Amino acid sequence: MLDSRNDRLDYGAELAPPDGFELDAAVATTYSLDLNALLAVPIALCFSNTLEGDLKGEKIALLEAMTQLKDKLKVFYQKGNIHCPSSYNHLYALLEPCLQAIVPSGGVFSSFHPKLWLLRFKESGTALKSPKIKYRLLILSRNLTFDRSWDLALSLDGERTDAVASAHSPSWITLFGDLLRQANDFEASGRLLKDLPHICWQVPKPFNKLELLVGGPVYGRPIDPPRKSLSALMVVSPFIKSQEGSIFGLKQLAGEHVDVHKVLCSRAEELNAIGPEALSDWDCYAINQSIVDGEETLGLSDGEEHIQSQNLHAKLIIRESGRVCDWFVGSANATSAALGDGDANPRNTEVMAKLSSNDQQLSPKIVLAQWLEQNLFVKHEFEPIELDDGEALSSALRKLMHELISSNWKLHASKNVEEGYDLALSHTFDTGKLPLDAAIKISQLALPGQLFIANELKWFKATLAQLSAFIIVEVQMTRGEFSKTKRCVICADLTIEGGDARQQHLLQSLVDSPEKILNYVRLLLETQPSKAQWLAFEPTGNEAQAAINALMSSDSPLFEQLMVAASRHPEVIERIGKLIERLKIAQVEIPSEFADLWSHFAKGCP
């Protein structure tokens with residue numbers, strides 16, 4: 001069931017629509033976000049392809065996929081938790097409308113922590129009056145980043161029924177309602193909220209029952225109390241120490257059952273930080289260090305500046321009660337912030353799926369034995385650690401970061417009388433209350449240079465391509481010999497004088513010749529588009545001219561392909577029609593030969 005060698009889910013394959021269906025709407029939630037990782041996602045959502053391969057740079061495949069996803073994708077993430085990319089990609093501008101920042105509601109030491117995808121697919125074919133609808137739900141332990149840690153994922157397929165689905169807790173529906181109401185520009189919100197209570201999810205074998213649970217300040221707890229007959233408990237959690245340095249989360253999971261066998265699988269450094277005395281009644285295991293350092297050991301840097309570790313990031317709780325095994329999979333660590341403490345609800349917002357079964361192969365004993373046999377985990381030998389004297393500084397830095405992300409950031413681009421645009425950044429952060437031991441620097445993601453924070457910051461003569469809602473906030477705090485620095489990216493509320501023409505400018509730069517326009521059309525005519533073809537979209541020189549001559553010659557299949565598409569795949573003709581309109585708006589000259597040919601098919605576009 002959890003064989004680390006064979007039981008793998010392909011992220012791209014899980015996001016891709018089922019055969020005969022296309023994406024209608026997608027909602028994602030994540031704690032942290034990598035913009036380049038988000039750029040790769042549309043390839044799976046629109047082209048039914050996996051995510052491997054060279055997806056870096058400004059490619060026409062990503063532009064087309066993001067264009068198709070317009071008004072269909074919304075990503076909720078914790079404000080301030082966008083990773084700072086090493087270089088600017090002009091395609092980031094297309095991501096801005098998809099993003100919805102969330103400030104965690106549980107205070108300074110809380111997190112918006114759920115990690116999931118809710119996907120709505122509809123049957124392909126624009127002529128269908130009542131297309132079939134399918135859903136997919138991915139509940140993950142990983143964020144929308146390129147992190148290579150060990151994670152768990154649950155993939156569920158579902159369909160809408162007339163009855164109210166039993167798997168949904170009231171807090172599950174409430175969570176989505178709360179999120180989608182904040183995204184008032186998301187066109188799909190209405191139909192998602194209407195369908196949600198009626199989606200019947202297929203329970204994956206060998207489980208026979210499913211419950212979808214949400215935890216948070218207003219949602220309750222993401223894990224229900226253990227059964228009275230609890231006989232064994234297994235906790236897999238990369239983080240186990242609460243903000244106060246306690247293990248309230250672990251105690252919450254065990255409840256009053258002090259005599260049951262308890263297994264804890266975590267990171268070695270986290271176990272050492274708690275110490276053997278506090279964990280004396282737990283059987284402790286750490287992820288194998290040879291796995292954590294695997295890339296460095298094998299020299300698999302993949303051309304990156306820093307080799308990434310492959311540490312533990314999966315979250316799993318297994319409770320055995322008699323013959324019943326309950327599995328909890330999702331985002332919650334075994335901390336009081338995630339699980340609550342005493343009568344208090346958790347500070348974090350979390351999502352967990354509870355799966356139940358009578359299959360004893362799902363018991364903690366069997367799962368642990370499998371992982372030990374595969375050397376994924378090893379018995380932990382506690383080692384002393386040095387105390388972090390900068391703990392108080394870390395706490396102060398987090399409080400300051402929370403004030404920054406709780407502020408409103410507005411960026412206005414006005415036309416410069418000479419050239420380009422002047423940028424003015426305003427915010428509601430009270431600079432008069434900035435601690436004397438802290439310094440805050442602000443920069444534009446697409447522009448060089450840093451400015452110390454002020455009530456208003458200005459940049460001059462930026463080009464249209466350099467306009468970005470993403471700003472970099474760098475905070476440094478120094479106390480005595482200790483200094484800590486935090487960098488994050490915040491998506492400001494951007495307004496552009498004269499309107500936002502960045503997408504048209506991007507289209508002009510990527511489709512800057514007649515041959516590229518025709519090749520774009522040819523790729524759109526592929527009913528089963530190949531990612532390799534899209535990513536290879538860069539004809540140049542004599543080959544490019546030969547391509548346009550071949551496409552427009554009497555022997556070319558272009559006319560025949562258009563005829564077939566018009567009769568069998570009207571959605572393809574519609575996509576080409578939308579491209580032509582975008583090219584006209586962007587003032588891109590369309591080859592006269594193709595314009596004449598297209599005039600015979602344009603009438604069929606809605």
Side-chain angles (χ1 to χ4, degrees), residues 16-17 19-24 42-43 45-49 59-72 122-129 131 503-504 506-540 542-606:
D19 290 342
F21 285 76
E22 61 187 46
L23 182 75
D24 180 62
I43 296 295
L45 291 174
C46 296
F47 296 153
S48 300
N49 265 287
K59 298 180 182 296
I60 199 69
L62 300 176
L63 173 63
E64 173 60 25
M66 285 304 303
T67 301
Q68 290 187 28
L69 280 182
K70 184 181 180 182
D71 300 325
K72 293 182 179 181
K122 68 177 181 180
E123 193 175 6
S124 301
T126 55
L128 295 172
K129 292 183 178 180
Q503 183 170 347
Q504 292 92 316
L506 186 57
L507 185 61
Q508 285 177 337
S509 64
L510 292 178
V511 189
D512 55 0
S513 65
E515 59 270 22
K516 287 187 179 181
I517 293 174
L518 292 180
N519 270 294
Y520 200 157
V521 171
R522 178 178 57 80
L523 289 171
L524 288 175
L525 281 166
E526 298 286 341
T527 55
Q528 293 183 326
S530 163
K531 180 178 66 176
Q533 288 176 296
W534 276 102
L535 295 179
F537 182 87
E538 282 299 330
T540 57
N542 294 331
E543 293 181 3
Q545 188 57 50
I548 187 172
N549 291 338
L551 281 169
M552 296 308 305
S553 70
S554 58
D555 296 329
S556 168
L558 185 58
F559 177 76
E560 287 81 358
Q561 285 181 294
L562 287 167
M563 288 289 290
V564 171
S567 61
R568 301 179 185 176
H569 304 285
E571 69 276 6
V572 171
I573 296 296
E574 182 181 349
R575 281 202 296 267
I576 295 174
K578 290 180 179 179
L579 169 63
I580 300 301
E581 288 303 311
R582 297 202 308 274
L583 291 172
K584 290 179 179 178
I585 294 173
Q587 298 181 340
V588 175
E589 185 177 355
I590 300 170
S592 57
E593 301 94 335
F594 177 73
D596 293 339
L597 179 61
W598 175 248
S599 64
H600 300 289
F601 298 90
K603 299 175 183 178
C605 292

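Since the structure is predicted, the reported quantities are computational estimates derived from the model, not experimental observations.
The shortest side-chain heavy-atom distance between Ile590 and Lys584 falls under the 4.5 Å cut-off. The shortest distance between side-chain heavy atoms of Arg582 and Gln504 does not fall below 4.5 Å. Under the 4.5 Å side-chain criterion, counting only non-hydrogen atoms from C-beta, Met66 is not in contact with Gln503. Contact annotation: the side chain of His569 never approaches that of Ile573 to less than 4.5 Å [non-hydrogen atoms, C-beta and beyond].
Heavy-atom minimum distance, Leu45 versus Leu69: CD1-CD1, 3.9 Å. Counting all heavy atoms, side chain and backbone alike, Val572 lies closest to Leu524 at CG1-O, 3.2 Å. Here the shortest heavy-atom pairing between Lys72 and Asp24 reads CG-O, 3.6 Å.
Around the CG atom of Asp512, the shell of radius 6.0 Å holds more than 12 heavy atoms that belong to other residues, nucleotides or ligands. When the shell of 6.0 Å around CD of Glu589 is examined, it contains 12 or fewer heavy atoms from other residues, nucleotides or ligands.
Taking a cutoff of 4.0 Å between a charged side-chain nitrogen and a carboxylate oxygen, Glu571 and Arg575 do not qualify as a salt bridge.
Between the side chain of Gln508 and the backbone N or O of Ala586 there is at least one donor-acceptor pair closer than 3.5 Å.
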For this session: Decide side-chain contact (heavy atoms from CB on, under 4.5 Å) for Leu562 and Ile576; before the verdict, give the C-alpha distance in whole Å, the side-chain angles of both, and the deciding distance to 0.1 Å.
Result: CA-CA 10 Å; Leu562 287 167; Ile576 295 174; 4.0 Å; yes

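Atom OG1 of Thr67 sits about 7.5 Å away from atom CG of Leu507, to the nearest 0.5 Å. Going from atom CH2 of Trp598 over to atom CG of Leu579 covers 9.0 Å, rounded to the nearest 0.5 Å.
Side chains of Glu64 and Gln68: a donor on one and an acceptor on the other come within 3.5 Å.
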